[in-house]
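These notes are about the structure you will find just below.
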Amino acid sequence: MQTLKHPQTAFGCALAFAAFMALPAMAQEYALEGGAIDVEQVERGQDEYMANCSSCHGEDLHSVLSTAPDLTGSVFKYGWVGQTVGAKFNVISATMPAGMGGSLSDQTYVDIVAYILSANGIPATEDGELPPDPEVLQSITIAAP
């Protein structure tokens, strides 16, 4: 039986391999229960987000102002997951852009929500898009994997 000359190196390699294999399991991929977003809606939402939201919430959804929350990472995980799309739509449409809540169309608000969902790992499908109907949006839940 042969012994290893550098058991620490073998252990380190095994640890690195195990971490690499666990990466897919660690990745956060969220889902919508009861609804879907599609590529065109996400693209419209991205355009509207850049025009109406990015000056405060950042182009990458990481806030550039201390008064504006991030829209990704732990803020999304703990503030959006488990909520209905309708709840998030209602808050955003009533309060955004800051000081001008309700100034955009319902379609624009729902497209922005679709973009935020997509940017946080909810895949766009060809199964339809979120409707600009607050009542229907209340039946769609943002779910953890």
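From a predicted model like this one, the values you see are computed outputs, not experimental measurements.
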Closer than 3.5 angstrom, by distance alone: can the side chain of [X] be matched with the main-chain N or O of [Y] as a donor-acceptor pair?
X: Ser105; Y: Thr108; answer: yes
X: Glu33; Y: Ile140; answer: no
X: Lys88; Y: Gly79; answer: yes
X: Ser63; Y: Ala68; answer: yes

Over 12 foreign heavy atoms within 6.0 Å of CD, Gln83: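 Yes, CD of Gln83 has more than 12 neighbouring heavy atoms, counting only those of other groups under 6.0 Å.
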If you apply the rule side chain to side chain contact (heavy atoms under 4.5 Å, CB included), what do you find for Met96 with His57, and how did you get there? CA-CA 11 Å; Met96 295 290 122; His57 293 281; 4.0 Å; yes
Please work out which of the three classes, parallel, tilted or perpendicular, describes the rings of Phe89 and Tyr109, given edges at 30° and 60°.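 Tyr109 vs Phe89 ring planes: perpendicular.
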Closest heavy-atom contact between [X] and [Y]?
X: Ala87; Y: Gln138; answer: N-NE2, 3.7 Å
X: Ser55; Y: Val64; answer: O-CG2, 3.0 Å
X: Ala119; Y: Leu61; answer: CB-CD2, 3.9 Å
X: Ala36; Y: Thr125; answer: CB-OG1, 3.6 Å

Please report the interatomic distance [atom1]([X]) to [atom2]([Y]), rounded to the nearest 0.5 Å.
X: Ser93; Y: Leu104; atom1: OG; atom2: CG; value: 9.5 Å
X: Leu130; Y: Asp111; atom1: CG; atom2: CG; value: 8.5 Å
X: Thr95; Y: Met100; atom1: OG1; atom2: CE; value: 11.5 Å
X: Gln107; Y: Ile112; atom1: CD; atom2: CD1; value: 10.5 Å
X: Thr84; Y: Leu32; atom1: OG1; atom2: CG; value: 11.0 Å
X: Gln46; Y: Ser54; atom1: CD; atom2: OG; value: 10.0 Å

Would you say [Y] ends up clustered with [X] if hydrophobic residues are merged whenever their side chains have heavy atoms under 4.5 Å apart, either directly or through other cluster members?
X: Ile92; Y: Met50; result: yes
X: Ile37; Y: Val81; result: yes
X: Tyr30; Y: Leu137; result: yes

Assess the residue pair Tyr49 and Val42 against the criterion (side chain to side chain contact (heavy atoms under 4.5 Å, CB included)); give the C-alpha distance rounded to whole Å, side-chain angles, the decisive distance to 0.1 Å, and a yes or no. CA-CA 10 Å; Tyr49 176 89; Val42 170; over 6 Å; no
Mind running side chain to side chain contact (heavy atoms under 4.5 Å, CB included) on Phe76 and Asp70 for me, showing each step along the way? CA-CA 8 Å; Phe76 181 82; Asp70 288 346; over 6 Å; no
Walk me through it: do Ile142 and Ile122 pass the test side chain to side chain contact (heavy atoms under 4.5 Å, CB included)? CA-CA 9 Å; Ile142 304 161; Ile122 293 181; 4.1 Å; yes
